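Here's the structure we're looking at; comments come further down.
Every value quoted in this text rests on a predicted model; they were computed, and no experiment measured them. Reminder, nothing fancy here: chain letters follow the sequence lines and each chain counts from 1.
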Amino acid sequence: MIAVDALRFSYPKDGFCLEIDEFNIETGEKVAIIGPSGVGKTTLLKIIAGIIRPDSGKIHVDGVELHQLSDAARRNFRITRIGFVFQELELLEYLNVFDNIIHTYRINPVLDLDYSVRERAHRLADDVGLGNKLARMPGELSQGERQRAAVCRALLPNPRLILADEATGNLDPANKSHILDLLFEAAHRANASLLAVTHDHELLPRFDRVVNFRTLLDIRHIPPFPEGRSANELARHF
Amino acid sequence: MQHDFYLAWRYLCHHRVRTIILVACLSLLATLPLALHVMLDAGETQMTARAESTPLLVGSKGSALDLTLNALYFNAANQSHITMAESDRVGQTGWADPLPIYVRFRVRGHPLVGVTLDYFDFRRLTIAQGNSLAMLGECVLGADAAEAMGLKPGDSLPTTPENLFDLSGVYPIKLHVAGLLAKSHTPDDQAVFIDLQTAWVIEGLGHGHAEGKKPSQSYGLPFGQVENHLIHDAKLLTYTEITPENLDSFHFHGDPSGYPISAVIALPHDRKSSTLLKGRYIGNEEAVQLVQPLETIRGLLENIFRVGILFDAVLALVGAAMLLALGLVFALSMRLRQRELQTIFLLGCSKTKVLRLVSAEILLLGLASMLVCLALLEFIQLYAGGLVRLFITP
């Protein structure tokens, strides 16, 4: 499903540089990535999603050579094949729960909002316990309910790959487990792969594989860290 | 496209207060200049129609505009008066029918207009309630005046002296409301019509009082006894209300041809008569002039339109400033929406789509503002005539 080869990406402004020689995920595999903050886990997810383009290297996702695609093609690929559950992807405050769930279908013409999609959205909402709250505004929901609605939005296009970045970070244990169940079920049903970044070590046994980010990469901060720590020191830290 | 408008609509609905303020600003911005033009057009239509229906006007020399505004719109301009003899003179030429009109007084804010009965026929004014003028001391009210004062036939309307110390001049009497005129959508709706003679009674030129006493003893006079010799003392009862019982006691002093009127509306029999009559007043060395109201009003309207253009220029500047301010509000609101825009961009929305969403919002705001503007204009158009009449007839 995902094949990363000799990937290199850097943020010119702060000198951050991410290099990954090889990273693969099989179709249907559920993989957790762990590692300290600020080392590039979210950046990797954004590269895999086609949000940002690597400086060099190859990246294949679901058989598509992502590094070769134009911006528009990567956008269309992202919205049709990838489901995001990012903390920064909040629900839109001016749309009710139902409109938030189907929102991706309204912002890109590559997805066609028809009756079957609406039906599926209702079913998904029922599955996550939001069936009777579809008319509510996000401000009227609890944090767990908001996250469940965001999961519904991510799963509605039947993605081939689900990317979750700290999807359960702010939730209580019951909601954490519930959200993870949803993601696993959806991935299982669609034979989709799941790649989740998490700091929550209690959840790790549920994944097929856990990848320590430190084993993946060769991180270098071209200018030294403000604290004066070198990249090697940082690498030793984890 | 449908989704763009749906999302824009949801956003605008969610931020109601912001939307209402923006729509109010935009609609006011569009309505103000248009409303000004609606009012100007209504004013032009009304003033021109009134002037067109009044062929010639004879009045005292001076401002033709003051004369026209006074005789046609009952404007309380400080207009010098002419005498009733001028009306007779117009009639005696045989070229036109004279309609004398006297506009000097006001009663409860409405012009008190002295006319002859022919005036009602000339202006095609019909009685909606009650009767026309039949007796001295009666009045007929224009529709708006009656509504404003809450009067109906049978009620009375006291006139007031011009000032407290005006003991010898204006004669306050209690007018009887004989009838109400049907609405004509002209300045006549604002007026209180009285007979010319009643106007002269109020002017103090005529009055009524109780009979004087006959002398109790005959005084020997050098040239013999005088018939009907009456004694008037300080207790003599002066009537302030004209009733059928005391009507006969009302009388005028002096020559009626010297009584004041504001103007004479001259109705020429044909074009030739009109030309001849105009010729009569060319080079007239007397204190009288003949004016054509239509020409006078056109001159006035030209000036008004020049002022209108100036208003447009000022409004254009204010509008540009307001649009800049609205642009700033929009730009600031886009900064506040950065997180939302980032979210939809991450989900797979293109920058073009974001632009379309914003454009849809602007279009919806524009559409809502246009609807509000149209509704306001419709409302203004509905009442423009009345508003203009209020301005014309102060």
At their closest point, which heavy atom of Tyr94(A) faces which heavy atom of Glu340(B), and how far apart are they? OH-OE2, 2.8 Å

Would you say that more than 12 heavy atoms from the other residues, nucleotides or ligands in this model lie under 6.0 Å from the CD of Glu147(B), or not? no

Looking only at heavy atoms, which two atoms of Glu93(A) and His14(B) are closest? And how far apart? O-CE1, 3.3 Å

May I ask you to check whether over 12 heavy atoms, not counting those of Glu378(B), lie within 6.0 Å of atom CD? no

Residue pair Leu347(B) / Arg153(A), side-chain heavy-atom distance below 4.5 Å: yes

Ile82(A) versus chain B, heavy atoms under 4.5 Å apart: side chain, backbone, both or neither? neither

Heavy-atom neighbours of Phe311(B) CZ exceed 12 at 6.0 Å: no

Is the number of heavy atoms from other residues, nucleotides or ligands within 6.0 Å of CZ (Arg124(B)) greater than 12? no

Quick one: what part of Asn96(A) sits under 4.5 Å from any heavy atom of chain B, side chain, backbone, both or neither? neither

Could you give the distance from CD1 (Ile344(B)) to NE2 (His103(A)), rounded to the nearest 0.5 Å? 5.5 Å

Heavy-atom pair count under 4.5 Å with chain B, highest-scoring of Asn76(A), Asp71(A), Ile79(A), Leu113(A): Ile79(A)

Option that, when pairs with chain B are counted at under 4.5 Å, heavy atom only, ranks first among Thr80(A), Asp99(A), Val110(A), Leu111(A): Asp99(A)

Considering residues, nucleotides and ligands other than His199(A), do more than 12 of their heavy atoms fall under 6.0 Å from its NE2? yes

Between the side chain of Lys353(B) and the main-chain N/O of Arg106(A), is any donor-acceptor distance below 3.5 Å? yes

Phe77(A) versus chain B, heavy atoms under 4.5 Å apart: side chain, backbone, both or neither? neither

Taking the side chain as every heavy atom from C-beta outward, state whether Leu91(A) and Thr343(B) have any pair of such atoms under 4.5 Å apart. no

Using a cut-off of 6.0 Å, state whether more than 12 heavy atoms not belonging to Tyr6(B) lie near its atom OH. yes

Closest heavy-atom pair and its distance - Ile107(A), Cys349(B): CD1-CB, 3.8 Å

Give me the atom names and distance for the closest heavy-atom approach of Gly348(B) to Arg78(A). CA-NH2, 3.9 Å

